[in-house]
Amino acid sequence: METLVETHDGTLQSDARAAIRAFILGRNLGLAPDSVTGQTSLVTSDALDSIGVLDLMMELGDRFGFEIEEDAFALAHFESIDALAAYVASRRHQA
C-alpha cells in the first residue's frame, strides 16, 4: 500500500511541476522552455513577480484542490519549482 501512496505523491509532484512550469512559461513568453527546470528558483529568478506568485498559488489551489493558507507563502516553498511541487503534493495529500 505504501508504494501506491509514493507513486501517487510522485504523480502529484510531477503534475504540479508541469503546472508550475506551464504557468511560468505562459507569463514569460520570451523565456526558453528548456531554461525552466525543476531547480529554477522562484525567489532569485525573474520568473514571477509578487502578483505572479499570488496568481500561481491561486491557480495551484484551484487545480489541485487545497486551500491557500499563510504557510503557503513560506520562502522555502519557492526555492525551486521542485520545492513548490513537493509543497503542493503535501497539501493535496492533507486535503
Side-chain angles (χ1 to χ4, degrees):
M1 192 71 143
E2 283 186 25
T3 304
L4 292 175
V5 171
E6 290 173 10
T7 301
H8 181 65
D9 286 349
T11 300
L12 276 173
Q13 281 188 8
S14 179
D15 290 349
R17 188 178 304 110
I20 296 164
R21 278 190 81 246
F23 184 90
I24 291 170
L25 291 170
R27 292 280 265 227
N28 299 284
L29 299 177
L31 205 59
D34 60 345
S35 69
V36 180
T37 69
Q39 297 307 307
T40 298
S41 172
L42 302 175
V43 175
T44 60
S45 74
D46 292 329
L48 297 173
D49 59 12
S50 58
I51 298 299
V53 168
L54 290 172
D55 289 346
L56 173 60
M57 292 306 291
M58 295 302 290
E59 182 171 315
L60 292 173
D62 289 346
R63 182 175 183 158
F64 293 99
F66 65 91
E67 201 166 312
I68 305 300
E69 297 175 2
E70 276 188 46
D71 73 333
F73 297 99
L75 193 58
H77 300 309
F78 296 92
E79 288 181 8
S80 69
I81 290 174
D82 287 344
L84 185 55
Y87 172 78
V88 169
S90 73
R91 291 291 299 159
R92 178 64 181 117
H93 187 66
Q94 292 173 8

Rounded to the nearest 0.5 Å, what separation is found between the [atom1] atom of [X] and the [atom2] atom of [Y]?
X   : Y   : atom1 : atom2 : result
L25 : I20 : CG    : CD1   : 12.0 Å
S80 : R17 : OG    : CZ    : 9.0 Å
S41 : D82 : OG    : CG    : 11.5 Å
R27 : L56 : CZ    : CG    : 8.5 Å
E59 : L54 : CD    : CG    : 13.0 Å
F23 : L48 : CZ    : CG    : 6.0 Å

Inset, instruction - Evaluate the side-chain contact (heavy atoms from CB on, under 4.5 Å) criterion for residues M57 and L84: first the C-alpha distance (whole Å), next the side-chain angles of each, then the deciding distance (0.1 Å), finally the verdict. - result: CA-CA 10 Å; M57 292 306 291; L84 185 55; 3.9 Å; yes

Looking at every heavy atom in both [X] and [Y], which two are closest together, and how far apart are they?
X   : Y   : answer
Q13 : A85 : O-CB, 3.6 Å
D49 : G52 : OD1-N, 2.7 Å
G61 : I68 : CA-CD1, 4.1 Å
T40 : S45 : CG2-OG, 4.1 Å
L42 : A47 : CD2-CB, 4.4 Å

Inset, instruction - List the steps, then state whether side-chain contact (heavy atoms from CB on, under 4.5 Å) holds for L12 with V88. - result: CA-CA 8 Å; L12 276 173; V88 169; over 6 Å; no

Inset, instruction - Let me see the working for I24 and I81 under side-chain contact (heavy atoms from CB on, under 4.5 Å), right down to the final yes or no. - result: CA-CA 10 Å; I24 291 170; I81 290 174; 3.8 Å; yes

Inset, instruction - Return yes if some donor-acceptor pair links the side-chain N/O of R21 with the main-chain N/O of P33 below 3.5 Å, else return no. - result: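 Answer holds: yes.
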
Inset, instruction - For the pair L75 and V43, evaluate side-chain contact (heavy atoms from CB on, under 4.5 Å) and give the outcome as yes or no after the intermediate values. - result: CA-CA 8 Å; L75 193 58; V43 175; 3.5 Å; yes

Inset, instruction - Mark yes when over 12 heavy atoms from residues, nucleotides or ligands other than E69 sit less than 6.0 Å from its CD; otherwise mark no. - result: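 Yes, because the 6.0 Å sphere around CD of E69 holds more than 12 heavy atoms from other groups.
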
Legend entry - Neighbour count >12 (heavy atoms, 6.0 Å) for atom CG, D46: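 Counting neighbours around CG of D46, 12 or fewer heavy atoms of other residues, nucleotides or ligands fall under 6.0 Å, so no.
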
Inset, instruction - Just say parallel, tilted or perpendicular for the rings of Y87 and H77, cut-offs at 30° and 60°. - result: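 Aromatic pair Y87/H77 classed tilted.
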
